[in-house]
There are 2 protein chains.
Amino acid sequence: MPISSRFAVGIHILTLIEMTREEGVTSSEFIAASVNTNPAVIRKIMGMLKKAGLIEVHPGIAGAKLAKSLSDITLFDIYKAVDVVQENELFSMHESPLPDCPVGKNIQNTIEPLFTAAQLAMEKVLKNVTIEDVVRDIDRKEQIQ
Amino acid sequence: MPISSRFAVGIHILTLIEMTREEGVTSSEFIAASVNTNPAVIRKIMGMLKKAGLIEVHPGIAGAKLAKSLSDITLFDIYKAVDVVQENELFSMHESPLPDCPVGKNIQNTIEPLFTAAQLAMEKVLKNVTIEDVVRDIDRKEQIQ
DNA sequence: TTACTTTGTAACAACCTTGATTACATGTAT
DNA sequence: ATACATGTAATCAAGGTTGTTACAAAGTAA
C-alpha cells in the first residue's frame, strides 16, 4: 500500500554518489552497506536510475556517476525512474459500477479528475525538490553534530 | 501499491445515499449492486463510515442516512474513515541505514519532511472537495445526457 | 590466459494487503 | 416464527514488495 521504499533508496543512492564523489568509487556493495540492504537490490534500482538517465554505470567497472547535475535531478525524476506509481494510478477505483444507476454510471468520471488533481499536487511537491537540496540539508546536519 | 479502492467505494456509497434519499432506502444490497460488489464488502466499509460519524445505520433497520450535511463531508473525511493511508505513511522508507555513513545517518531525517509535505499536499486537495461537489457534478452530467 | 571484481538479471520464498466470497450472529418488523 | 436487515469473521486467491541466492557478462590487472 505505501509507496515502495525503492523511492527512498533511489534518493539515498544518488545522494551517496554525490557525497562520496571525491573519496572514491561507489560500488553497489558500498551503497548496499550504507542503505543496509543486499547489493543485488541496489543494482536493480541503479539499473532503473541508469535507464532514466540519472546515473552512468558500466559492467565490470566499479563506481557510478551522476549523469546530470545535482540541481537538475528532482525527487520527481527519481519517483518516475523507480516506477513506484503510474500516472493516474495513485488511487484505485472499483470496476464496472452499474450503468443503470446515475451514480454508478458517472462516479468514475466524476472522481477521476479529483484523484488526478490530488496525485498531481503530491507530485508537484516532489518536482520542487532536488538532490542538491537533500545534499545541502545533510551537510547542514553534519555540521551541527 | 495503489491506494485501496475502498476510498472510491466510500465516495460512491455516500453519493448514492444522498442521491437516492427521496426514492427509498439504500440497503447494503442495493448499494452493492450499484458498486458491483458483494454486500458484505459494502457493510464493512459502511461500518467504517459509521464509526467516523459520516453515516447512521442500525442493525435490522434497512437504509443508511448521512449523519452530516453534504457540504460538511470532504473526500478527506472519507479517506481517513476508510483508513487507506496512515499519517506520514504514504511513502515507505528503508530501515536502519548505516549510522557510520553521513548519508546513512541523516537520510531518513532529511527526506521524511519532504515526504510529509508531499502527502499533505495530496491530502489538501481532498480536503477541498465535498460530497456536495460530487453530487453536483453527477447531476450536471445526468442533465447533459 | 587466469583471477578477481564489478555490473546485470533471473528465480525463488516469505510476507502482507486487498478484494471476493461464504457463513453465521444479532436485531427489527410483521 | 419468519423474513429481511446490519455486522463480523474466516477463507481463499492474486498481486506486489522485499530479501536472498545463483549465475552470466564485462572490465581490469597480473
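A, B, ... follow the sequence lines: proteins, then strands. Residue 1 opens every chain.
- Listed nucleotides: C:dT6, C:dG19, D:dT17. Nearest to the side chain of A:Arg6: D:dT17.
- Nearer to the 5' terminus of DNA chain C, by closest-nucleotide assignment, is the contact made by A:Thr26 (compared with the other of B:Ser5 and A:Thr26).
- For B:Arg6 (side chain) and B:Asp83 (main-chain N/O), a donor-acceptor pair under 3.5 Å exists by modelled atom type.
- Rounded to an integer number of Å, the gap from B:Ile17 CD1 to D:dA5 P is 15 Å.
- The closest donor-acceptor contact from the side chain of B:Asn128 to the backbone of B:Val125 lies at 3.5 Å or more, if one exists at all.
- Between B:Ser4 and C:dG19, a side-chain N or O to OP1/OP2 separation shorter than 4.0 Å is present.
- Remark: side-chain polar atoms of A:Ser27 are paired, donor with acceptor, to backbone N or O of A:Phe30 under 3.5 angstrom.
- A donor-acceptor contact shorter than 3.5 Å links the side chain of B:Gln119 to the backbone of B:Glu89.
- Taking atom CD1 of residue A:Ile31 and atom P of nucleotide C:dT6, one finds them 12 Å apart after rounding to whole Å.
- Contacts between residues 36-57 of chain B and DNA chain C, counted as heavy-atom distances below 4.0 Å, involve B:Thr37, B:Asn38, B:Ala40, B:Val41.
- Toward the 5' end of DNA chain D, the nearer of the two residues B:Pro2 and B:Ala62, judged by each one's closest nucleotide, is B:Ala62.
- At the phosphate of D:dT6, OP1 or OP2 sits under 4.0 Å from a side-chain N or O atom of B:Ser28.
- For B:Phe30 and D:dT6, the CZ to P distance is 12 Å, given to the nearest whole Å.
- Computed from coordinates, the B:Gln86 CD to C:dC16 C1' distance equals 14 Å when rounded to whole Å.
- Between the A:Lys50 side chain and the A:Val57 main chain, a donor and an acceptor come within less than 3.5 Å of each other.
- Between B:Glu95 atom CD and D:dG19 atom C1' there is a gap of 14 Å when expressed in whole angstrom units.
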Close N or O pairs between protein and nucleotides 27-30 of chain C (under 3.5 Å):
none

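- Remark: the backbone N or O of A:Ile73 is not paired with any side-chain donor or acceptor of A:Glu132 at under 3.5 angstrom.
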### Message
Test salt bridge (Lys or Arg N to Asp or Glu O under 4.0 Å) on A:Glu142 and B:Lys105; report intermediate values, then the result.
### Response
CA-CA 9 Å; A:Glu142 278 292 292; B:Lys105 189 163 55 166; 3.4 Å; yes
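- Note: B:Phe115 and B:Phe91 have parallel aromatic rings, judged against thresholds of 30 and 60 degrees for the angle between ring planes.
- The main-chain N or O of B:Thr74 is found under 3.5 Å from a side-chain atom of B:Asp77 such that the two form a donor-acceptor pair.
- At whole-Å resolution of the value, NE2 in B:His58 and P in D:dG7 are 9 Å apart.
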